[in-house]
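Some notes on the structure that comes next.
Just so we're on the same page: letters track the sequence lines, and every chain starts at 1.
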Number of protein chains: 2
Amino acid sequence: MKQTKSIATDKKLNAPLPVVSGLRLTKQRQEVYQTLLEKRDHPTAGEVFKRVRKKLPTISLATVYNCLEALVDHRLVRQVNFERKSSRFCPNLVEHGHFQDTSTGKVYDITIKDGVDLADFINLPEGVCVQEAEINLRGAVADS
Amino acid sequence: MKQTKSIATDKKLNAPLPVVSGLRLTKQRQEVYQTLLEKRDHPTAGEVFKRVRKKLPTISLATVYNCLEALVDHRLVRQVNFERKSSRFCPNLVEHGHFQDTSTGKVYDITIKDGVDLADFINLPEGVCVQEAEINLRGAVADS
DNA sequence: CTGTTATTTAGAATGATTAAAAATGAAGGC
DNA sequence: GCCTTCATTTTTAATCATTCTAAATAACAG
């Protein structure tokens, strides 16, 4: 029984920031990452700052920006931009798009149909190699 | 001979800004719109400002922003955003996406295959009505 | 444990965009 | 065509998110 709660599991719960070459492990980065995992509502840097401060009251906003940048650079987090508003951050690494409800501003992940490839629906010019693809939708949600 | 150069033709060449309800016709708006039509390289507001000043040397940057906003609001121009960089502007009203060459920063229109619909490749949740769709790609172009 | 080097911090600086207020000009009615 | 009204333009200042700077701190290697 005790065995079922393995160290590995604990690590996964409390320190899930993967060890990646070139990314030094700091408590700020771990907490920022943990915060993104805990509530996947696509928070802005300012929102992440507010949440992380509950655990690390002395963290600075610049550090939150630094951490988010490091996580994005190392492909552990995706940065989502809608219309030059504040960037939002998303720990979902599965290829997906985003939908923003124009009345609430809330952002939701949109999954892509299985087996669909970019080249299936857009005309890519010769010789281009797509490194990042962003699909951002905005619209209304029927209130139910 | 004089007749062949009709008023209608002149208007089309020099004042192609469509008359749209609620959009008052000003020389600033006409020139901004004309500038976007003349060189479809997705200029930023600052770039538009530089170009328009050649025709209207007294126009202000704020006016360029105002004009672009008016054109976008009236759906005569599309605003294209890549990664919180300066917005770019595009007079192509046909549904299309954009590709940015990461080495030059240049932005190109990407056409969507005929008859393809959003719902064909993404899973849209029940009750959502998509009002705007943005497809932004970034990558490299093989030099030839 | 110690040195090296990246990271964090606080604060200032930047850059794109927007706002405010006064001056100007477009469109409709006479 | 002229007047009136209200939107638009202009200049300037302000805002906002984000980035930079320099000093203090903390990871990680050895």
(request) Provide, to the nearest angstrom, the distance between the CD atom belonging to A:Gln30 and the P atom belonging to C:dT7. (result) 14 Å
(request) Using modelled atom types only, decide if a donor and an acceptor are shared between the side chain of A:Arg78 and the backbone of A:Glu95 within a distance under 3.5 Å. (result) no
(message) For a quick test of reading the model, state the closest non-hydrogen atom pair linking A:Ala119 to B:Lys113 and the distance between them.
(response) O-NZ, 3.1 Å
(request) Spell out, yes or no, whether A:Val80 and B:Phe82 are grouped together once hydrophobic residues are joined by side-chain heavy atoms under 4.5 Å, including indirect joins. (result) no
(message) Any side-chain N or O of B:Tyr65 below 4.0 angstrom from OP1/OP2 of C:dT18?
(response) no
(message) Once you measure the plane-to-plane angle for A:His42 and A:His98, does it fall in the parallel (<30°), tilted (30-60°) or perpendicular (>60°) bin?
(response) perpendicular
(request) Mind calculating the distance between CZ (B:Phe49) and P (C:dA16) to the nearest angstrom? (result) 13 Å
(request) Starting from C1' on D:dA17, measure out to CD on A:Glu69 and report it in whole angstrom. (result) 14 Å
(message) Please report the distance, rounded to the nearest Å, between CD in A:Glu47 and C1' in D:dA17.
(response) 15 Å
(request) Determine, for B:Phe49 and B:Arg53, whether the Lys NZ or Arg CZ falls below 6.0 Å from the six-membered ring centre while staying within 45 degrees of the axis. (result) yes
(request) Among C:dG25, C:dT9, D:dT11, find the nucleotide with the atom closest to the side chain of B:Arg24. (result) C:dG25
(message) Tell me the interatomic distance from A:Leu56, atom CG, to D:dT25, atom P, rounded to whole angstroms.
(response) 17 Å
(message) Using the side-chain heavy atoms of B:Ala62, tell me which of these nucleotides is nearest: C:dA19, D:dT8, C:dA10.
(response) C:dA19
(message) Measure CG/B:Leu68 against P/D:dT8 and give the value in whole Å, please.
(response) 14 Å
(request) Would you classify A:Thr44 as touching base, sugar-phosphate or nothing, given that sugar-phosphate means primed atoms plus P, OP1 and OP2, and contacts are heavy atoms under 4.0 Å? (result) nothing
(message) If you compare every side-chain N and O of A:Thr26 against the phosphate oxygens of D:dA26 (OP1, OP2), does one of them come in below 4.0 Å?
(response) no
(message) Below 4.0 angstrom, which residues in residues 81-93 of chain B have at least one non-hydrogen atom near DNA chain C?
(response) B:Ser86, B:Ser87
(request) State yes or no: do A:Val107 and A:Ile112 share one hydrophobic cluster built from I, L, V, M, F, W and Y residues joined by side-chain heavy-atom distances below 4.5 Å, directly or via other members? (result) no
(message) Rounded to the nearest 0.5 Å, what separates atom CG in A:Leu36 from atom CD in A:Gln34?
(response) 9.5 Å
(request) Starting from P on C:dT7, measure out to CG on A:Leu61 and report it in whole angstrom. (result) 18 Å
(request) Return the value, rounded to whole Å, for the distance between atom NZ of A:Lys27 and atom C1' of C:dA6. (result) 14 Å
(message) Both A:Ile59 and B:Asn66 contact DNA chain C. Which one's nearest nucleotide lies toward the 5' end?
(response) A:Ile59
(request) Report yes if at least one side-chain N or O of A:Thr63 is closer than 4.0 Å to OP1 or OP2 of C:dT9; otherwise report no. (result) yes
(message) Quick check on D:dT10: is either OP1 or OP2 less than 4.0 Å from any side-chain nitrogen or oxygen of B:Gln28?
(response) yes
